Amino acid sequence: MRISVSSDMDEPVARLLVDELRGRGHEVVTHGALKAGDDPQWAVCSRAAAREVAAGTSEQAVVCCWTGTGASIAANKVPGVRAALCTDAGTADGARRWNDANVLALSLRLTSGPLLTEILDAWFAAEPSEDPEDRANVALLDTDPSSRLR
């Protein structure tokens, strides 16, 4: 799978993330502080990774910043992206399963190496739910927000 990865800081856990994804056999496209000469601002690099998912040039993305919040907000501004800030494996599983999340957001501050492995294991093991109620909820995200979400 081709996965876009962005980080606004060149932190050890961000480098570990890239190595871990490559070790799992994924093609990794880097953005921000992980790519020489790229703009490392969290809004810029997170949006760049998310746009690749929306365009279909990457199947998924992982976006990182100090708290993970800014990266997830920036990614979610891209139409078609469902980014989830995950701080544990259970949240990662639920994000993929019930929300059909296609972008994983991580906190550089909170995510340790062992926790990163657990989150990635859960993220990649989970499949999007086929339950009609779950699919209907995800479908609401692609409609005009002024007519459906209040």
Side-chain angles (χ1 to χ4, degrees), residues 1-34 40-54 56 58-143 145 148-150:
M1 177 184 319
R2 184 178 171 139
I3 301 175
S4 295
V5 176
S6 70
S7 182
D8 66 340
M9 300 166 64
D10 188 1
E11 290 289 314
V13 72
R15 289 287 171 190
L16 180 60
L17 168 64
V18 170
D19 292 344
E20 180 70 25
L21 291 172
R22 287 184 175 140
R24 292 172 185 238
H26 300 292
E27 178 186 353
V28 177
V29 179
T30 57
H31 296 277
L34 300 173
Q41 295 180 86
W42 57 262
V44 174
C45 64
S46 298
R47 192 170 45 222
R51 283 182 176 148
E52 290 179 345
V53 173
S58 287
E59 293 173 68
Q60 295 183 5
V62 183
V63 295
C64 306
C65 69
W66 191 243
T67 65
T69 305
S72 65
I73 291 170
N76 276 317
K77 293 291 185 179
V78 177
V81 167
R82 292 173 304 282
L85 174 56
C86 299
T87 57
D88 58 65
T91 304
D93 174 79
R96 287 286 299 135
R97 188 173 314 279
W98 299 310
N99 311 125
D100 194 7
N102 51 14
V103 174
L104 171 62
L106 296 173
S107 166
L108 295 170
R109 182 179 72 83
L110 293 177
T111 309
S112 66
L115 182 57
L116 174 66
T117 300
E118 292 173 12
I119 291 170
L120 292 176
D121 287 347
W123 180 266
F124 290 118
E127 292 289 328
S129 170
E130 293 301 323
D131 180 271
E133 185 176 335
D134 294 335
R135 299 310 316 155
N137 267 301
V138 172
L140 284 173
L141 300 175
D142 293 327
T143 62
R148 301 288 240 174
L149 299 175
R150 301 197 198 281

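This is a predicted model, so every value here is computed, not measured.
- Taken from CZ in Arg135 to OG in Ser129, the straight-line distance is 7.0 Å, to the nearest 0.5 Å.
- The side-chain hydrogen bond (donor to acceptor under 3.5 Å, both in side chains) analysis of residues 105-122, with sequence neighbours excluded, yields the pairs Arg24-Asp121.
- In this structure, Ser72 and Ala105 approach most closely via the heavy-atom pair CB-CB, 3.6 Å.
- In this structure, the separation between SG on Cys64 and CE on Met9 is 11.0 Å, given to the nearest 0.5 Å.
- For the atom pair CH2 of Trp98 and CD of Glu133, the computed distance is 12.0 Å after rounding to the nearest 0.5 Å.
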Determine whether Glu59 and His26 satisfy the following criterion, side chain to side chain donor-acceptor pair (under 3.5 Å), listing intermediate values before the conclusion. CA-CA 10 Å; Glu59 293 173 68; His26 300 292; over 6 Å; no
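- Trp123 and Gln60 share a donor-acceptor pair across their side chains, judged by distance under 3.5 Å alone.
- Remark: side-chain polar atoms of Asp93 are not paired, donor with acceptor, to backbone N or O of Glu127 under 3.5 angstrom.
- Between Asp134 atom CG and Asn99 atom CG the span is 8.0 Å, to the nearest 0.5 Å.
- Of the possible donor and acceptor atoms, one in the side chain of Asp88 sits under 3.5 Å from a partner among the backbone N and O of Gly90.
- Without hydrogens or angle criteria, Thr91 side chain to Thr87 main chain gives no donor-acceptor distance under 3.5 Å.
- For Thr67, the side chain to side chain donor-acceptor pair (under 3.5 Å) partners two or more places apart in sequence, or in a different chain, are Thr69.
- Residues Leu108 and Asp8 have side chains in contact (heavy-atom distance under 4.5 Å, counting atoms from C-beta outward).
- A donor-acceptor contact shorter than 3.5 Å links the side chain of Arg82 to the backbone of Asp100.
- Looking only at distances, no side-chain donor or acceptor of Arg2 sits under 3.5 Å from a matching main-chain atom of Glu27.
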